[in-house]
Amino acid sequence: MAPLELAWQGEAAGHVIDLAWDPHGGRLAAAAADGPVSLFSRDGASFSTLEGHRFGTMSIAWSTNGNRFSSAGQDGRIIFWDLENGQPALTLEGGASWVEHLAWNPMGGRKGIPNILASAAGRSLRLWDENGHMLKQFEDHPQTISSVAWKPESQLLSTSTYGQLAIFGIASATPQRRFEWKGSILKICWSPNGKFVATGDQDSTVHFWFEKNGRDLQMSGYPTKVRELSWNCTSRYLATGGGVDITIWDCSKSPEGSRPIVLKGHEQFLTALAYQNRGDLLASVGEDGRVIIWQPHQQRRGIGGMAVNSQMTKLAWSPDDRLLAVGTSSGAVLVFAAPDR
């Protein structure tokens, strides 16, 4: 395995809890669990820090057109930031003591569709426009909202709680559809074509629905709970964590009964994985302090890697897939060049 090329390294204010490139790839934001949010230029040459949230930041998100940068935290607030002066432009109340999840609609700014931010705090789900006006307060969910994700190429929003995945239209206060399953969902992951939705689960399983007809499948046998999920750009392959190894399911017809690809390279549990936005490379990081880049549909060995003396927590490909950003528990932010193939 060839060593990865480190393009640059920066420092956040502590354990990196979230990491996000702006939609144009010019800036990288890294949120520290203690609160501050660090902003880096693409080349790492310039750097600034936003105060973030009292008691800790939970989530950060850029609007799809890059007009807004938002954060949410353990002070119960959502902040839209003025990046010119590093101060809050708008401060919104999330509806509970912690605001855990933020997600901007993927269609925002396209075909005249406005930017809409979804926020989840406890059982409360709210929608906001980019000027901070609350567009909708949904009926409280039956349990704490564990994940929020927009369906690709749509104005449909999905949420998960114990026992269900619900799909909402922005005009209705109640779900259009419910996929019920007696389990605790940790993360929602839609295929890019919107035909499939997978969830990583507390009971060491991955659940899988065909969106059109609601047919569901379950993949079990993972060593631990599954939070790490990523689809490749063609919607054929679903990469999953939930242990030391990466398991990749072929969903061209159905993962049921198929033999998955298994990638071995980490020595401790995975903490994050992600396919490129448009390419065929897959990146993984783990508690062992290793980052590995794979070309899994060509070979089973990693094509590039590096180890550091710190647990890795988050990763994010730049929009053009040329850079891979990695955050660590010690606050380091490492940016690697994608390997030549």
Side-chain angles (χ1 to χ4, degrees), residues 1-10 12 16-23 25 28-31 40 42 44 60 187 189-192 198 200 206 226-249 260-308 310-330 332-341:
M1 186 188 308
L4 288 176
E5 176 189 346
L6 182 63
W8 55 269
Q9 179 173 342
V16 177
I17 195 169
D18 206 357
L19 195 63
W21 292 92
D22 81 56
L28 173 68
F40 304 90
R42 180 183 174 89
I60 54 176
K187 183 177 179 180
C189 192
W190 284 92
S191 62
V206 172
V226 184
R227 292 185 181 273
E228 308 81 28
L229 300 171
S230 181
W231 289 90
N232 82 321
C233 62
T234 69
S235 299
R236 176 173 179 177
Y237 295 105
L238 173 66
T240 63
V244 174
D245 302 330
I246 301 167
T247 304
I248 302 177
W249 299 93
I261 298 168
V262 178
L263 304 178
K264 297 179 179 292
H266 289 277
E267 296 180 352
Q268 298 181 43
F269 285 161
L270 297 165
T271 52
L273 53 80
Y275 274 106
Q276 288 179 305
N277 301 291
R278 296 178 181 83
D280 62 352
L281 299 182
L282 174 70
S284 62
V285 296
E287 295 177 354
D288 55 3
R290 293 185 178 186
V291 54
I292 302 176
I293 295 184
W294 314 79
Q295 198 169 15
H297 314 298
Q298 301 294 326
Q299 57 180 298
R300 300 295 186 266
R301 297 175 59 187
I303 63 173
M306 180 178 283
V308 299
S310 182
Q311 175 181 326
M312 296 186 172
T313 58
K314 293 290 179 178
L315 59 78
W317 288 100
S318 61
D320 62 6
D321 289 331
R322 294 180 180 177
L323 297 174
L324 175 70
V326 176
T328 74
S329 60
S330 64
V333 177
L334 311 171
V335 178
F336 299 97
D340 295 328
R341 288 164 285 167

For Leu315 and Ala274 the tightest heavy-atom approach is CD1-CB, 3.2 Å
Is a side-chain N or O of Trp317 found less than 3.5 angstrom from the main chain of Trp21, in a donor-acceptor match? no
Could you measure the distance from the CG atom of Asp280 to the CH2 atom of Trp294? Nearest 0.5 Å is fine. 14.5 Å
Does Val244 reach the side chain of Gln268, with side-chain heavy atoms less than 4.5 Å apart? no
Shortest non-hydrogen contact between Ile261 and Pro296, atoms and distance: CD1-O, 4.3 Å
Any heavy-atom pair between the side chains of Leu263 and Leu282 that's under 4.5 Å? yes
Scanning both residues in full, the closest heavy-atom pair of His266 with Gly286 reads CE1-N, 3.9 Å
Say whether, by atom type as modelled, one donor and one acceptor occur between the side chain of Asn232 and the main chain of Tyr275 under 3.5 angstrom. no
Note: Leu229 and Ala198 closest approach over all heavy atoms is CD1-O, 4.1 Å
Output the distance between atom CZ (Arg227) and atom CG (Leu273), rounded to the nearest 0.5 Å. 13.5 Å
Does a side-chain heavy-atom distance below 4.5 Å link Val291 with Leu324? yes
Qualifying residue, where the test is side chain to side chain contact (heavy atoms under 4.5 Å, CB included) with Ile303 and the options are Leu4, Ile292, Ile293: Ile293
Hey, does the side chain of Asn277 reach the backbone of Ser318 with a donor-acceptor pair shorter than 3.5 angstrom? yes
As an exercise, state the distance from CG of Leu19 to OG1 of Thr328, rounded to the nearest 0.5 Å. 10.5 Å
Side-chain donor or acceptor of Asp288 paired with backbone N/O of Glu267 under 3.5 Å: yes
Between Asp18 (side chain only) and Ile60 (backbone N and O only), is there a donor and an acceptor less than 3.5 Å apart? yes
When rounded to the nearest 0.5 Å, the distance separating CG of Leu238 from OG of Ser230 is 8.0 Å
Closest approach of Ala30 and Ala12, non-hydrogen atoms and distance? CB-CB, 4.4 Å
Please report the shortest heavy-atom distance between Glu287 and Gln311, naming the atom on each side. CA-CG, 3.6 Å
Would you find a donor on one side and an acceptor on the other, under 3.5 Å apart, between the side chain of Arg278 and the backbone of Pro319? yes
Using a 3.5 Å distance criterion without hydrogens, assess whether the side chain of Thr247 forms a donor-acceptor pair with backbone atoms of Thr240. no
Atom pair CD/CE of Glu5 and Met306 - distance to nearest 0.5 Å: 9.5 Å
Min side-chain heavy-atom separation Thr313-Thr271 under 4.5 Å: no
Just by distance, do the side chain of Glu228 and the backbone of Gly242 share a donor-acceptor pair under 3.5 Å? yes
Distance (rounded to the nearest 0.5 Å) between Arg42 CZ and Leu28 CG: 10.5 Å
